[in-house]
Enquirer: 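I have a structure I would like to understand better, so I am pasting it below and will then ask my questions one at a time.
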Amino acid sequence: MKRTIRGKYMLLISGLVGIMVLVICLTNSLYLERYYIAERTKDMVETYEEINTILESGSLREERTYLKVLRLLEKTNISGLIGSETQGTYQIFGYENQLEQQMRELAYGKGMESAKLVKQADSYVIFHQNDEKLQTSYILFFGFFSDGGVCFLRSSLPGIRESVMISTRFAWLIGLGVIAVSIILVSLVSKQISGPISRLSHIADRMAHLDFSVRYEENREDEIGLLGTSMNYMAEELEKKIGDLRRVNHQLKLDIEEKVQVDEMRKEFISNVSHELKTPIALIQGYAEGLLEGISEDPESVGYYCEVIIDEAGKMNQLVRKLLTLNQIESGINTAETVDFDLIPVISGVLHSFNIVLQQKGIGMEFDSDKSVIIRADEFMMEEVIRNYVSNAINHIDGEKQIRICTEQDADHVRVSVYNTGPPIPGSELENIWKKFYKVDKARTREYGGSGIGLSIVKAVMDAHNGSCGVKNTEDGVCFWFELRKMELPAVIPIARVYGLTTVREESAQDEEEKR
């Protein structure tokens with residue numbers, strides 16, 4: 001059963017008040033009669049002493065003295081028989097016959113069997129007597145004055161027990177009323193305490209469920225207000241700390257995922273490198289063993305074997321070189337050293353290096369080298385990008401065997417597109433071709449020596465330059481592109497001239513000059 005603070009307070013206060021009422025009623029029942037007799041005894045002694053003083057200064061025959069004694073006895077509700085030996089008289093105050101008869105009986109010792117001695121002194125004695133006939137009780141005082149006179153006082157205790165019972169019932173009624181009032185007051189007071197505590201408990205429950213938006217908004221200056229302020233501060237701090245923990249946890253999750261991806265890439269990389277190197281190593285080993293064993297003495301066969309070994313070694317060297325280049329770019333070892341230069345001479349220089357291959361395969365090349373495209377980038381990396389695009393176009397060309405290189409410019413960017421005729425790339429493969437060692441047509445790749453790294457180098461270079469690259473299928477071919485921010489410079493030295501190269505246009509001009 002749930003016990004609230006409010007219920008506990010009500011039960012506690014009600015119990016305390018009930019115990020107090022019970023103690024009062026029991027005390028009233030057990031000791032009120034004794035206390036009343038003690039008080040009446042005290043009053044009678046004091047009355048006796050005052051009467052003695054009055055008689056010392058006057059006579060009972062005097063009206064003034066008589067009235068003093070009468071007023072005193074009436075005030076204390078005591079009956080008495082007062083006698084003065086020197087004055088030779090006595091007076092009865094109260095019930096004449098009863099007092100005189102009771103005094104005589106007391107003098108002769110009658111009725112003393114029901115009397116109980118209460119107090120005894122040198123000049124007086126006090127009894128508590130029960131009258132069986134009248135069903136009542138008295139306090140009887142018998143003493144002597146200083147002049148030798150007699151003092152007999154009587155105080156009736158007609159309903160002391162009944163009075164005690166009435167007093168006890170009244171105390172119970174008052175007690176029940178006090179208990180009811182105390183319950184109401186405690187309920188109201190405890191509500192002022194338990195209400196804010198309940199709201200604070202609700203706030204704590206919300207905070208336990210990671211809801212830190214709730215606040216304690218009551219303006220109190222007591223301990224509950226201080227607790228509410230502390231909980232508000234705790235909610236703010238927990239919200240900040242848990243927010244930080246969530247961000248750190250999210251970053252940690254990303255780091256773990258990245259580590260898993262890196263580990264998978266490492267495994268895939270080792271597998272791909274092993275696969276790429278396995279074939280050329282096997283060929284080199286086979287033809288070298290054949291030469292060593294003198295499998296053929298024909299010079300042409302020996303030359304063929306040597307050409308195969310050289311060709312396969314070249315492919316391995318090219319693969320290793322590309323892997324090193326890609327690793328240096330991705331790891332940040334080979335950072336982009338950006339300069340402002342004209343991209344057209346770089347493209348012309350790359351095309352010039354592919355002239356023999358283009359002629360052997362009967363490939364047509366279209367490129368407008370009359371433009372000027374100024375960019376800010378790393379010259380050697382851009383040359384590698386263009387070389388990979390052109391090499392990829394040559395390796396996958398088909399149909400009309402046409403390659404077209406276009407440059408497009410706007411206010412801020414320049415885009416270079418390399419188009420080649422041939423079969424399109426399947427839509428599901430477009431996002432994967434930028435991955436290392438990924439090949440769309442793995443069966444035909446060996447024919448031209450592709451390793452699947454060239455486009456990965458392009459992607460890494462573009463990321464290093466904060467540029468972008470992509471591919472799209474056309475009606476009769478495929479178009480690869482990359483985009484960089486362009487720069488406008490007053491003058492630029494062509495990269496081809498820097499390296500002692502000539503563009504196709506410059507070469508034609510030189511030929512015309514030689515003919516003249």
Side-chain angles (χ1 to χ4, degrees), residues 1-36 38-39 163-263 332:
M1 181 178 178
K2 185 178 180 181
R3 294 186 178 181
T4 62
I5 293 179
R6 186 177 182 184
K8 289 180 179 179
Y9 268 104
M10 293 174 62
L11 182 61
L12 176 63
I13 300 300
S14 301
L16 290 176
V17 173
I19 292 173
M20 292 174 62
V21 171
L22 179 61
V23 170
I24 291 172
C25 292
L26 289 176
T27 304
N28 199 33
S29 300
L30 297 175
Y31 300 103
L32 181 59
E33 183 177 356
R34 299 179 187 179
Y35 177 75
Y36 183 77
E39 287 296 315
S163 298
V164 169
M165 294 178 61
I166 294 173
S167 177
T168 303
R169 286 197 297 270
F170 182 74
W172 275 113
L173 292 175
I174 295 298
L176 293 175
V178 170
I179 292 175
V181 173
S182 65
I183 290 175
I184 296 173
L185 292 178
V186 170
S187 177
L188 295 175
V189 173
S190 61
K191 184 177 181 181
Q192 298 297 320
I193 299 174
S194 62
I197 293 177
S198 297
R199 288 188 285 273
L200 287 173
S201 176
H202 176 69
I203 292 174
D205 183 67
R206 294 274 296 275
M207 291 171 60
H209 290 82
L210 303 181
D211 180 9
F212 302 106
S213 61
V214 63
R215 293 291 184 273
Y216 182 77
E217 299 178 351
E218 295 185 21
N219 187 15
R220 298 175 63 118
E221 297 182 357
D222 54 6
E223 290 80 358
I224 294 178
L226 181 62
L227 178 60
T229 302
S230 300
M231 290 191 67
N232 290 340
Y233 176 75
M234 181 175 64
E236 293 174 0
E237 290 300 313
L238 284 175
E239 187 173 14
K240 294 178 183 177
K241 299 301 181 183
I242 291 181
D244 294 339
L245 286 175
R246 284 175 175 171
R247 286 190 291 271
V248 172
N249 185 52
H250 178 68
Q251 184 61 42
L252 180 61
K253 184 179 179 180
L254 294 178
D255 293 341
I256 293 175
E257 292 177 354
E258 183 179 359
K259 183 179 181 301
V260 173
Q261 292 177 357
V262 169
D263 189 59

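Just so it is clear, the values below take in all heavy atoms, side chains as well, and ignore hydrogens, waters and symmetry mates. Every value quoted in this text rests on a predicted model; they were computed, and no experiment measured them. Residue numbers count from 1 along this sequence.
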Enquirer: Can you name the side chain to side chain contact (heavy atoms under 4.5 Å, CB included) partners of Leu227, sequence neighbours left out?
Expert: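 Listed in chain order: Leu200, Met231.
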Enquirer: Only distances under 3.5 Å count here; give the side-chain donor-acceptor pairs of residues 248-258 to other protein atoms, sequence neighbours excluded, each with its distance to 0.1 Å.
Expert:
unit_1 : atom_1 : unit_2 : atom_2 : d
Gln251 : NE2    : Asp255 : OD1    : 3.0

Enquirer: How far does CH2 of Trp172 sit from CD1 of Ile24, to the nearest 0.5 angstrom?
Expert: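 The distance works out to 10.0 Å.
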Enquirer: Would you give me the side-chain donor-acceptor pairs under 3.5 Å for residues 232-246, sequence neighbours excluded?
Expert:
unit_1 : atom_1 : unit_2 : atom_2 : d
Asn232 : OD1    : Tyr216 : N      : 2.8
Asn232 : ND2    : Tyr216 : O      : 2.9
Asn232 : ND2    : Gly228 : O      : 3.4
Asp244 : OD1    : Arg247 : NH2    : 2.1

Enquirer: Going by the rule side chain to side chain contact (heavy atoms under 4.5 Å, CB included), which residues pair with Thr229 if we only count those two or more places apart in sequence or in a different chain?
Expert: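 Partners of Thr229 by the side chain to side chain contact (heavy atoms under 4.5 Å, CB included) criterion come out as none, since no residue qualifies.
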Enquirer: Can you sort out the partners of Leu173 under side chain to side chain contact (heavy atoms under 4.5 Å, CB included), two or more places apart, ordered by chain and number?
Expert: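 Here no residue qualifies.
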Enquirer: Residues two or more places apart in sequence or in another chain: which of them pass side chain to side chain contact (heavy atoms under 4.5 Å, CB included) with Val181?
Expert: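 With sequence neighbours excluded, Val181 shows a side chain to side chain contact (heavy atoms under 4.5 Å, CB included) to Leu185, given in chain and number order.
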